[in-house]
Amino acid sequence: EVQLVESGGGLVKPGSSLKLSCVASGFTFSSYGMHWIRQAPKKGLEWIALIYYDSSNKYYADSVKGRFTISRDNSKNTLYLEMNSLRSEDTAMYYCARGRGLDYWGQGVMVTVSS
Amino acid sequence: DIQMTQSPSFLSASVGDRVTINCKASQNINRYLNWYQQKLGEAPKLLIYNANSLQTGIPSRFSGSGSGTDFTLTISSLQPEDVATYFCLQHNSWPNTFGAGTKLELK
């Protein structure tokens with residue numbers, strides 16, 4: 001069974017940093033590109049980052065480019081999202097999702113940026 | 001960026017009703033359109049991929065159609081467990097973009 005489990009969220013102050021993790025199981029993690037998507041409270045979904053299966057390419061939404069870094073460790077079946085210079089508008093539920101078709105998603109982890 | 005316009009944003013229907021939800025892309029996305037169901041507190045679940053392919057394990061009352069810019073998700077006979085928010089995703093080009101969602105409730 002494919003499972004994606006996010007962790008690392010919490011309440012932080014503006015300007016702070018946070019690193020999210022997404023642990024994958026039930027499939028060959030190293031064969032799939034992986035995404036991060038977020039959903040702000042009472043707002044729609046926003047795709048924010050993609051990393052290829054071998055980390056050879058990474059893409060970011062303009063809203064996070066230069067502040068967020070996506071990475072992965074295939075030996076640990078884990079996807080990461082390092083978030084720096086956090087702003088109140090980064091407050092959201094963050095999801096990881098698998099593959100080009102985003103066919104499996106995690107349950108999400110909440111990040112709240114507030115003073 | 002490709003804009004995805006989803007309608008309606010809210011839908012109330014009775015058990016057994018045929019329900020349709022639409023997504024319109026601001027430019028041609030071929031068939032690279034997915035439909036998801038999200039229940040409160042749960043992860044989004046893929047229902048339909050590439051416009052009309054039913055994901056494994058999804059009941060056959062769910063179907064998708066369309067290509068190019070106009071797409072439809074149909075639930076042929078609404079069941080109580082279908083109460084959820086539904087949203088579309090285009091994965092034809094970066095950045096991937098989502099519809100705003102349709103909240104489906106029972107009448």
Side-chain angles (χ1 to χ4, degrees), chain A residues 1-7 9 20 22-27 32-52 56-66 68 70 79 81 92-110, chain B residues 1-10 21-26 29-58 62 64 71 73 84-103:
Chain A
E1 180 195 3
V2 172
Q3 281 201 316
L4 297 168
V5 180
E6 302 94 338
S7 62
L20 306 182
C22 167
V23 177
S25 60
F27 66 101
Y32 288 84
M34 296 292 295
H35 304 256
W36 286 101
I37 302 104
R38 69 184 180 184
Q39 186 170 29
K42 297 190 182 346
K43 295 281 182 69
L45 290 151
E46 179 189 18
W47 171 87
I48 56 173
L50 159 71
I51 185 167
Y52 276 22
S56 59
N57 285 288
K58 302 175 185 180
Y59 300 92
Y60 298 93
D62 287 345
S63 58
V64 305
K65 202 175 293 183
F68 289 12
I70 189 171
L79 173 73
L81 185 68
M93 184 72 80
Y94 285 74
Y95 299 96
C96 59
R98 184 185 84 159
R100 169 158 188 185
L102 289 84
D103 56 357
Y104 288 92
W105 295 48
Q107 298 263 35
V109 61
M110 189 67 200
Chain B
D1 298 0
I2 296 175
Q3 307 303 315
M4 300 301 297
T5 302
Q6 186 171 342
S7 62
S9 54
F10 179 82
I21 298 169
N22 301 293
C23 265
K24 187 175 184 67
S26 59
I29 59 169
N30 300 294
R31 289 186 177 273
Y32 293 109
L33 188 286
N34 292 356
W35 290 100
Y36 298 85
Q37 176 193 69
Q38 186 175 26
K39 297 182 179 179
L40 205 60
E42 296 184 9
K45 180 193 293 185
L46 177 64
L47 302 175
I48 302 288
Y49 62 95
N50 294 345
N52 61 6
S53 296
L54 190 67
Q55 175 73 339
T56 303
I58 301 301
F62 291 93
F71 301 86
L73 172 70
T85 297
Y86 294 83
F87 58 91
C88 62
L89 161 74
Q90 71 81 16
H91 57 102
N92 181 75
S93 57
W94 307 115
N96 291 359
T97 46
F98 296 86
T102 296
K103 188 172 183 180

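Numbers restart at 1 for each chain; the letters A, B, ... are given by sequence-line order, proteins then strands. As a basis for the values below, the full set of heavy atoms in this structure was taken, side chains included, without hydrogen atoms, waters or symmetry mates. Nothing here was measured: the structure is a model prediction, and the numbers come from that model.
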Note to self: If you count heavy-atom pairs within less than 4.5 Å of chain A, which of B:Gly41, B:Ala100, B:Ala43, B:Gly101 leads?
What the structure shows: B:Ala43
Candidate polar pairs, chain A side and chain B side, donor-acceptor under 3.5 Å:
from, atom 1, to, atom 2, distance (Å)
A:Tyr95, OH, B:Gln38, NE2, 3.0
A:Arg100, NE, B:His91, O, 3.4
A:Arg100, NH2, B:His91, O, 2.7
A:Gly101, O, B:Asn34, ND2, 2.6
A:Gly101, O, B:Tyr36, OH, 3.0
A:Leu102, O, B:Tyr36, OH, 2.8
A:Gln107, OE1, B:Ala43, N, 3.1

Next item on the list: Heavy-atom pairs under 4.5 Å with chain B are the metric here; pick the option from A:Gly101, A:Ala97, A:Gly44, A:Gly108 that has the most.
Entry: A:Gly101
Checklist line | Engaged part of A:Ile48 at the chain B interface, taking heavy atoms whose separation is under 4.5 Å | finding: neither
Item checked: chain B contact via A:Leu4 - which portion, at a heavy-atom distance below 4.5 Å -> neither
